[in-house]
Structure formats: structure tokens, C-alpha cells
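All values derive from a computational prediction rather than experimental measurement.
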Amino acid sequence: METKVRFAPSPTGFLHVGGLRTALFNYLYARKTGGKIVLRIEDTDQARKVENAVENLLSSFEKLDIHFDEGPHKNDGSVQHFQSQRLSIYKEHIQKLIDSGDAYPCFCDGSRLETLRKKLSDAKATIKYDRKCLNLSAEEIQAKQETEPFVIRMKIPNEEKVKFYDVVREKVSINCSEIDDQVLIKSDGFPTYHFANVVDDHLMGITHVMRGEEWLPSTPKHVLLYRFFGWNLPKYIHLPLLLNPDRSKLSKRQGDVAVEDYLEKGFLPETLINFVALLGWHPKDDREMFSLKELENEFSLKRIHKSGAVFDLEKLKWMNSQYLMQLPLETVVERSIPFFENANLDTSDKAKLSLIVDATRQRVQTLAEMPEASKMYFTVPVISVDNKELINAPQSRELLQKLKENIENSNIPDGDGFKQIVMNIGKEISLSGKSLFFPIRTAIYGEPKGPDLVLLFNILGKKEVINRLNQ
RNA sequence: GGCCCGUUCGUCUAGUGGUUAGGACCCAGGGUUUUCAUCUCUGUAACAGGAGUUCGAUUCUCCUACGGGCUACCA
């Protein structure tokens, strides 16, 4: 049977890196097995809806080059991928459960439930609904339904242990006595996650449910729903959580969580994919650098871990610096342009820009650091007091003066020629090493330490080098 | 509180009933380089604890501790 997986976010903002990891694993598994991946929007909470969330989500995936086979972006009209558009389907299905006695209406209001929870909590008991509305007569239900708001709850069997198999965690079981009569349909008529999720996964033919570990405790409810309907269970794969440095669930409080944030900070899409793939999964060997295509080949469910993984910014930076150096220069140039423009640096001279990016990419860890690290190629650098002392030393003044005259009077083709002149002058006035190179680099680059003189000359050109030697 | 899940260097992780427990990031030191960066080499650093099974457990079982998740008409 063809595998079919899904990524089912609720549209409450931007794509979260945890969401990216879940989406990526689903995507990789679909590609690996030649199956399909569906994007489904779980917008059943009217209160949490965020404008443009779906557009933002799709745009992030576009940038990361992750594509869904089915979803709201390519809808032929046969299936609706927004849960808010599937209300009639849920209505039809909840009726089946009511008819079979596996679900029942409940009229208890929020304050009663709150009091109940408080009472149970004080008694140190499992917090769950007391089934006050379970045994209402047909007449009572009829009458109440006309005047009072109500929800539909699922009726959890009394004495039973629900067992299921998780690909990562193997056997998991829980006693029904611990499970609450979950609300399936809210009083506004919308389904809860648990109900819509199960109905849709079945109707859409989902074979593998891969999601975050936070869903593990509610999986027995889902298993029970499948049984009530007489449907086959999908395979469950609960992914380990992504964690903050303090090992709590990755959250906004402790740093950036949105994929967009990382992109804006100058991390490359390739880095994000590669990095996140290695959180909770590991290949057979020690290899760490993987393109998306390579991951598609390499991925396997068997190598997913059980325990949570801390999102380590240091390693992310390292990996980004690797991609900065490994990716084709044109790609890095193209991706860096917005960052230069943002810093008001002129990007019109593409040949020069290319040289600059090439010289800078191995000195920075993110695209965002690039303008700062290369602004001296655009404008005459500001030289610090200490460095001024260095170039104003008599020895340095003589050196720089000679150098200027030499360049002005010769036809230097490129940086190699420039360096040759530097070496010759060095010989002439008996300067070498730091005392030769530091003043020159400081004069034209602003700092004694930095890129090779050949590179500097090639980027700046003869005219600008003379200009800077003058100052 | 209850339930569920987890636990190998600080972090990401490999691994096995017998290994000097391997790699990567970070950190430290060396080399390369005119310098910085890159690159490269070396080093520091881990099987949570206790029982049991076994000739032998980091590896299997149980218990404890610790950590996390869930405990909504949120997902």
C-alpha cells in the first residue's frame, strides 16, 4: 500500500522550527517510500485564528524547498484541506458515534467543570469529567438541546487498558480509568483536534501519523475513536520534542522559534533543513552534512530517537558557516543581496559584490553578518586611534609613501602584481612580515589583521587603493 | 497531585553482553598563514544511582532518582 503522511498545523502564526522538523520527517518519509504528503490546516479553534498564517506557512516551505503533494495550495475541489470547511463531515460522523452510544451530549457549563476539576485536584485524583450528563433521558436531551449550549463527549470504556504500538516507543498502554470523556464537538459546533484529526486521517487515507511527542498521552483516545468507527489504525510515530537549553519544550520565551526568524538572521534554508533533520534522527554513519535530496535517500523511521533534543544555536551557526563556504558562490551572493541592501550598501556592481562575498563568506557565520564584515570594501574604513599610530610611525609613512608612488607609476594588472610591488619595496627598505603587511593592510582595509593583500587589491581596484593610501 | 514518556561527554549523537565507549559542536593547545579567518592536528569531557540476571553488564530486567510532556469546549 502506498504510504501517505500529513503535516497538520493549526494556523496560529509562523512556521515553528519544531513544526519544520515534524513536516520534514513526514516529507522525507513520503519521498523515501514513494508515497504522498498532505498539508492539512487544522483551523478548528476560531479564537486562535491568525490572519495570513497559511500564506506564511506556505511561503516558508517554499523557501525551504519542501513541497506538499496535496493541500490547500493545489486543490482540485475534490477534498477540502481546511478543517473549518469540513464541518458537515464531522457532523455526519459524530452522529454515528451518538447512535452507537460511543458519544453523548453534555450540558455542563464551564464553571461547573472548573469546580469539579478543583475538587478532584484537591483530592489528588485523576482529573476527568464525572459523567453527569451521561444518563440523561432522550426527552431531557431533546428539551435541553433546544435551549442550552452543549458539547459532545466521547464515552471512554469503563474497565480496560488501551494498548497501541508506536514505531519509536514500541508498546504504550494506559488504563481507561485515566482517560477523560474527551469533548469531540465544541459548543460552537466545531470539532476538537482529537475528533477532526482522526476522522480526517482516516478519510484522507493517512497510513502513518508522525507528530510530536506531546500527543502521546492523548493517542489512546484516538485509538478508541478508530475502534468506535471500525477503522484500521494508522502507524504511530511520536517524535521526540525539541528543547530549550534548559530542556523544557522549545518555546518563544527562550529565543527564536520561527523559521522566518532564522532566515532573517541570515541562516540558509539548507542549514535549517540539515540541522533540524539531525535533531531526533541520525544516519548510519558519522556524516553530518546532508542536502534535502540526500536526506530523502537516507531517512528511516528506525533511526528516530526516543529522547528530546536541545536546539543548539552554536552548532547551527557552525553548520551555517559550512554551507556559506560550500554552496555555489552565485547562490550565496544571491541570498546575501537583501542583507546588503538592508544595510544600504550598493550591490549594483555584481562582479565586485561577488568578490566581496567570496572573501567574506569564510569569515562570517550568517548572511546577516556579511554587510558589517565587508563594509570597508564599500566605504573608506574608519581607523582606530591605535591603528592610526601604527600607520603614522615614520617607518610606516615611508613604506606607504613609496608604495603609493610605485603603484601610481606602474601598470599593475591585479592583486598578484600589487603584492609583488609590496614585496619589492619590503626588500628595498628592509621590512618584512608584520611590519611590512600590517601598515599596508591597515591603510587600505582599516585593520592590521584581515584578508590577503591580493584579495584586497582585486576587490578595491588600483584607484581606490591609491585613494586610501593618500588618506 | 495523577498518568505517560525519557536518561551515553556542557550540547547533538554512534555503539556493544567482553571496545582504550567513537564522531560532531563548544572550549584549550599546536601546525599552516605576513596577520585574522579558513584548513589541519592534539587534548579536556559521558554510559544518573541501586539491585538482579550473567563468567562478564553502559548494553537485558526491576526499583529509585532526575528530567520532560500531558492533565481545556488549544492544538
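Within 4.0 Å of A/K449, counting heavy atoms only, lies at least one base atom of the nucleic acid. Residue A/T12 is out of contact with every strand shown, counting any heavy-atom pair closer than 4.0 Å. Counting any heavy atom pair closer than 4.0 Å across all strands shown, A/L436 reaches no nucleic acid atom. Heavy atoms of A/D285 sit nowhere under 4.0 angstrom from any nucleic acid atom. In this structure, A/R211 reaches neither bases nor backbone, as no heavy-atom distance under 4.0 Å exists between it and the strands shown. A/Q322 comes within contact range of the sugar-phosphate backbone alone, with a heavy-atom separation under 4.0 Å but no base atom that close. In this structure, A/G280 reaches the sugar-phosphate backbone alone: every heavy-atom distance under 4.0 Å involves primed, P, OP1 or OP2 atoms, never a base. Among the atoms of the strands shown, only primed sugar atoms or phosphate atoms (P, OP1, OP2) are found under 4.0 Å from some heavy atom of A/H305. As judged by a 4.0 angstrom heavy-atom cut-off over every strand, A/I179 is placed among residues making no nucleic acid contact. Backbone-only contact: A/M325 has heavy atoms under 4.0 Å from sugar-phosphate atoms and none from a base.
Residues from residues 364-372 of chain A lying near RNA chain B, meaning a heavy-atom separation below 4.0 Å, are absent.
A donor and an acceptor atom, one from each side chain of A/H222 and A/H194, are located under 3.5 Å apart. A/S177 and A/E159 share no donor-acceptor pair across their side chains, judged by distance under 3.5 Å alone. A donor and an acceptor atom, one from each side chain of A/N320 and A/T366, are nowhere located under 3.5 Å apart. No hydrogens or angles considered: a donor-acceptor pair under 3.5 Å links the side chains of A/S248 and A/D246.
With B/rA37, B/rA24, B/rC26 as the candidates, the nucleotide lying closest to the side chain of A/E314 is B/rC26. The side chain of A/V310 approaches B/rU11 more closely than any other nucleotide in the set B/rG6, B/rA24, B/rU11. Relative to the side chain of A/K434, the nucleotides B/rU35, B/rC12, B/rA24 differ in distance, and B/rU35 lies closest. Proximity note for A/K306 (side chain, C-beta onward) versus B/rA14, B/rC12, B/rG6: the nearest is B/rG6.
Atom P of B/rC66 sits at a distance of 23 Å from the matching atom of B/rU61, rounded to the whole Å. Spacing between B/rU8 and B/rA46 at atom C1', rounded to whole Å, works out to 6 Å.
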- B/S/- along nucleotides 66-75 of chain B (protein heavy atoms under 4.0 Å) is --SBSSSBBB
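Between A/K284 and A/P451, it is A/K284 whose nearest contact on RNA chain B lies nearer the 5' terminus.
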Hey, can you pull the donor-acceptor pairs under 3.5 Å for the side chains in residues 6-23 of chain A, sequence neighbours left out?
from, atom 1, to, atom 2, distance (Å)
A/R6, NE, A/D201, OD1, 2.9
A/R6, NE, A/D201, OD2, 3.3
A/R6, NH2, A/N197, OD1, 3.3
A/R6, NH2, A/D201, OD2, 3.0
A/H16, ND1, A/G18, N, 2.8
A/R21, NH1, A/P240, O, 3.3
A/R21, NH1, A/L279, O, 2.8
A/R21, NH2, A/P240, O, 2.4
A/T22, OG1, A/G18, O, 3.1

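A/R227 has a carboxylate O that lies under 4.0 Å from a charged side-chain N of A/E160, or vice versa, which qualifies the two as a salt bridge.
The base-pairing partner of B/rC66, taking Watson-Crick or G-U wobble contacts with both distances under 3.5 Å, is B/rG6. Summarising the base pairing, B/rG43 is matched to B/rC27 through a Watson-Crick or G-U wobble pair whose two defining distances lie under 3.5 Å. Across all strands shown, B/rG52 is found opposite B/rC60 as a Watson-Crick or G-U wobble partner, with both distances under 3.5 Å.
Ring pair A/W215/A/Y236: centre-to-centre distance not below 6.0 Å. Aromatic pair A/F311/A/Y262: ring centres closer than 6.0 Å.
Enclosure of atom NZ in A/K352 by more than 12 non-hydrogen atoms of other residues, nucleotides or ligands within 6.0 angstrom is indicated.
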- Tell me, with the steps shown, if A/N56 and A/E260 meet side-chain hydrogen bond (donor to acceptor under 3.5 Å, both in side chains). CA-CA 9 Å; A/N56 292 337; A/E260 278 309 315; over 6 Å; no
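The NE2-P distance, from A/H238 to B/rC3, rounds to 20 Å in whole Å.
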